[in-house]
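Before any comments, here is the structure.
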Amino acid sequence: MLDALANTPVRSAYCDDEDFQELIEMFVDGIEEKKQLLSQAVSTEQITPLQTMAHQLKGAGAGYGFDELSELASHLEEACKSEDRVEIAHQKELLLHHMNRIVV
């Protein structure tokens with residue numbers, strides 16, 4: 001089960017790998033912009049851009065060692081595909097909360 005509501009910091013599975021350190025830092029530095037884009041897409045009820053962002057986060061999360069981010073983004077993407085606005089809002093909140101916890 002996802003621990004999306006916990007308050008503990010989230011680190012990449014690759015955080016101890018020196019070869020990934022710079023890439024992880026760049027990814028984490030971009031999180032704030034991604035959170036703003038997610039919020040804007042939902043506030044204007046634009047499902048397609050939100051689905052695209054969720055899909056991108058799903059791939060990037062896995063690639064940078066943030067598996068739970070990837071899983072949460074996948075749930076949001078699926079909610080967008082079903083156009084269930086209640087579920088979209090719920091999944092977006094879970095994803096944003098998780099993103100708030102991501103650290104280098």
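Atoms CG and CG, on Leu72 and Asp67 in that order, are 11.0 Å from each other to the nearest 0.5 Å. Remark: His90 NE2 to Asp84 CG distance equals 10.5 Å, nearest 0.5 Å. Gln51 CD to Ile88 CD1: the interatomic distance, rounded to the nearest 0.5 Å, is 8.5 Å. For the atom pair OG1 of Thr52 and CD1 of Ile47, the computed distance is 11.5 Å after rounding to the nearest 0.5 Å. Atom CZ of Phe66 is separated from atom NE2 of His98 by 8.0 Å, given to the nearest 0.5 angstrom. Between Cys80 atom SG and His55 atom NE2 the span is 12.5 Å, to the nearest 0.5 Å.
Nearest approach of Ala54 to Ala73, heavy atoms of both residues: O-CB, 3.3 Å. The two residues Lys58 and Ser74 have their closest heavy-atom pair at CD-CB, 3.6 Å. When all heavy atoms of Leu76 and Leu50 are compared, the pair lying nearest together is CD2-CD1, 4.0 Å.
The backbone N or O of Lys35 sits less than 3.5 Å from a side-chain atom of Ser39, completing a donor-acceptor pair. In terms of modelled atom types and a separation under 3.5 Å, the side chain of Arg101 and the main chain of Val10 share no donor-acceptor contact.
The side-chain heavy atoms of Leu95 and Leu69, taken from C-beta on, include a pair separated by under 4.5 Å. The closest side-chain heavy-atom distance from Val28 to Glu25 is not below 4.5 Å. In this structure the side chain of Leu38 never reaches within 4.5 angstrom of the side chain of Lys34, judged on heavy atoms. Counting heavy atoms from C-beta on, the side chains of Tyr64 and Ile102 never come closer than 4.5 Å. Side-chain contact check for Pro9 versus Arg11: some heavy-atom pair is nearer than 4.5 Å.
Listed by chain and residue number, nothing satisfies the side-chain contact (heavy atoms from CB on, under 4.5 Å) test with Ala13 (two or more places apart in sequence, or in another chain).
Gln40 and Gln36 share no side-chain donor-acceptor pair at under 3.5 Å. Checked by atom type, the side-chain pair His75/Gln91 shows no donor-acceptor distance below 3.5 Å.
Cluster annotation: Val103 and Ile24 are assigned to distinct hydrophobic clusters (Ile/Leu/Val/Met/Phe/Trp/Tyr, side-chain heavy-atom contacts under 4.5 Å, transitive).
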